[in-house]
Amino acid sequence: MKIIEAPADWPADAARARAVQDGLRARVILDEPGPPPGTGLVTGVDVAYDDERDLVAAAAVVLDAGTLAVVAEATAVGRIAFPYVPGLLAFRELPAVLAALESLPSDPGLVVCDGYGRAHPRRFGLASHLGVLTGLPVIGVAKNPFVFSHDALGPERGDTAALRAPAGDRRPDGEAVDEEVGRALRTQRGVKPVYVSVGHRVGLDNACAHVLGLTPDYRLPETTRRADRLCRQALAAATVTVSAAPRPGSGSPPTGAAPAAHRPSPPPE
DNA sequence: GCGACAG
DNA sequence: ATCTTGTCGC
């Protein structure tokens, strides 16, 4: 197994990471509607961590958007490239996610990731960053509203409420005050909503329609559920250990790893 | 200065 | 994200 390392130019601290976001933000494309819901391919990406071993495992699972059947899967394991800092999640997750996406045998189609796109303090969340780096259409689906707020929404599946930035927010891209940066979307009756925002080359209406199509039975999209299971699996299967401080006496064998799962397994349910 | 804060 | 038993409900 190959261990993914962060690119040589990966930012080393929070200040540089924010500068990278500010530099890439203008490359986000917001005026494309994106692929129509219910057709084509949809790929879920997710990441799992093992701080003890300094490991991160990413998974990408491609589904048929119409049937939600698994079409392809890929995983990647790497060293943790950045600490968790709210607003800088992309720098922690992207190296492994990019590696997983690159080893997919098929085209990803629309990519769905955990977290935010435009609903971000600097309007450049994980989904935006992934979109700019790959050129793929990407949306973000988060489980929490982060720094954003919204009015109450109806109890039915499909009910929504606009996600708005707190008053006095920075608005780095010059958006209007009260701009809708994302949407709280109820995917199951009476259940806490998910928070959808646009990443790259997809409109918000389309993004929400896709998410509804991906949530016939559960609160979270099938893409996210499948990717979540797969990356945890890959992390558990990784046999890499933290490279100990090189001691003169005993030559430490280069850390090896077991092959990560790379093919569909029998549907447990 | 203090608290809040996607995963 | 991750650490974790029991418990309520279909």
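All heavy atoms count here, side chains included; hydrogens, waters and symmetry mates do not. Every chain is numbered from 1 and lettered A, B, ... according to where its sequence line falls, protein lines coming before strand lines.
- Listed for the A:Asn144 side chain is no donor-acceptor partner under 3.5 Å among the backbone atoms of A:Phe146.
- Residue contacts for A:Tyr116: at a heavy-atom cut-off of 4.0 Å it reaches a base atom on one of the strands shown.
- DNA chain B is contacted by A:Leu89, A:Arg92, A:Glu93 of residues 89-100 of chain A, taking any non-hydrogen atom closer than 4.0 Å.
- Closest non-hydrogen pair, A:Asp50 versus A:Ile80, comes out as O-CD1, 4.3 Å.
- In this structure, the side chain to side chain donor-acceptor pair (under 3.5 Å) partners of A:Asp114, at least two apart in sequence or on a different chain, are A:Lys143.
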Let me check something: any side-chain donor-acceptor pairs from residues 151-162 of chain A under 3.5 Å, sequence neighbours excluded? List them with distances.
from: A:Glu156; atom 1: OE1; to: A:Arg189; atom 2: NE; distance (Å): 3.2
from: A:Glu156; atom 1: OE1; to: A:Arg189; atom 2: NH2; distance (Å): 3.3
from: A:Glu156; atom 1: OE2; to: A:Arg189; atom 2: NE; distance (Å): 3.2
from: A:Glu156; atom 1: OE2; to: A:Arg189; atom 2: NH2; distance (Å): 3.0
from: A:Arg157; atom 1: NH1; to: A:Thr187; atom 2: O; distance (Å): 3.0
from: A:Arg157; atom 1: NH1; to: A:Thr215; atom 2: O; distance (Å): 2.6
from: A:Arg157; atom 1: NH1; to: A:Thr215; atom 2: OG1; distance (Å): 3.1
from: A:Arg157; atom 1: NH2; to: A:Leu212; atom 2: O; distance (Å): 2.8
from: A:Asp159; atom 1: OD2; to: A:Glu156; atom 2: N; distance (Å): 2.8

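- Taking the 5' to 3' direction, DNA chain B first and last meets chain A under 4.0 angstrom from a heavy atom at B:dC5 to B:dG7.
- Between A:Phe148 and A:Ala165, the shortest heavy-atom distance links the atoms CD2-CA, 3.4 Å.
- Applying the side chain to side chain donor-acceptor pair (under 3.5 Å) criterion to A:Glu222, with sequence neighbours excluded, gives A:Arg225.
- None of A:Leu63, A:Val111, A:Leu68 except one satisfies the side chain to side chain contact (heavy atoms under 4.5 Å, CB included) rule with A:Thr223; the exception is A:Leu63.
- Using a 4.0 Å heavy-atom distance criterion, A:Gly140 is classed as making no nucleic acid contact.
- Across all strands, A:Ala48 comes closer than 4.0 Å only to sugar-phosphate atoms, never to a base (heavy-atom distances).
- Salt bridge annotation for A:Arg118-A:Glu179: present, with a cationic side-chain nitrogen under 4.0 angstrom from a carboxylate oxygen.
- Minimum interatomic distance between A:Ile139 and A:Ala207 (heavy atoms only, all atoms of both residues): CG2-CB, 3.7 Å.
- When the salt bridge (Lys or Arg N to Asp or Glu O under 4.0 Å) test is applied to A:Arg232, the partners found at least two apart in sequence or on another chain are A:Asp228.
- Read 5' to 3', the first and last nucleotides of DNA chain C with an atom closer than 4.0 Å to a heavy atom of chain A are C:dA1 to C:dT2.
- Cluster annotation: A:Leu104 and A:Val47 are assigned to the same hydrophobic cluster (Ile/Leu/Val/Met/Phe/Trp/Tyr, side-chain heavy-atom contacts under 4.5 Å, transitive).
- Within residues 124-135 of chain A, the residues that place at least one heavy atom under 4.0 Å from DNA chain B are, in residue-number order, A:Gly125, A:Leu126.
- A donor-acceptor pair under 3.5 Å links the side-chain atoms of A:His210 to the main chain of A:Pro35, judged by distance alone.
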Item checked: Base-pair map of DNA chain C as dot-bracket, where | denotes pairing with a different strand and pairs are Watson-Crick or G-U under 3.5 Å -> ..........
Would you mind writing out the side-chain donor-acceptor pairs for residues 1-20 of chain A within the sub-3.5 Å range, not counting sequence neighbours?
from: A:Trp10; atom 1: NE1; to: A:Phe91; atom 2: O; distance (Å): 2.9
from: A:Asp13; atom 1: OD1; to: A:Ala15; atom 2: N; distance (Å): 3.1
from: A:Asp13; atom 1: OD1; to: A:Arg16; atom 2: N; distance (Å): 2.9
from: A:Asp13; atom 1: OD2; to: A:Arg16; atom 2: NE; distance (Å): 3.3

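- Residue pairs that meet the side-chain hydrogen bond (donor to acceptor under 3.5 Å, both in side chains) test with at least one member in residues 196-208 of chain A, sequence neighbours left out, are A:Glu32-A:Arg201, A:Arg183-A:Asp205.
- The backbone N or O of A:Phe82 lies less than 3.5 Å from a partner atom in the side chain of A:Arg92, making a donor-acceptor pair.
- With pairs defined as Watson-Crick or G-U wobble and both atom distances under 3.5 Å, not a single stem of at least three pairs touches DNA chain B.
- The backbone N or O of A:His120 sits less than 3.5 Å from a side-chain atom of A:Arg123, completing a donor-acceptor pair.
- A:Arg219 contributes a side-chain N or O that, together with a main-chain N or O of A:Lys192, makes up a donor-acceptor pair within less than 3.5 Å.
- Judged purely by atom type and a 3.5 angstrom limit, A:Glu73 has no side-chain atom pairing as donor or acceptor with the backbone of A:Val61.
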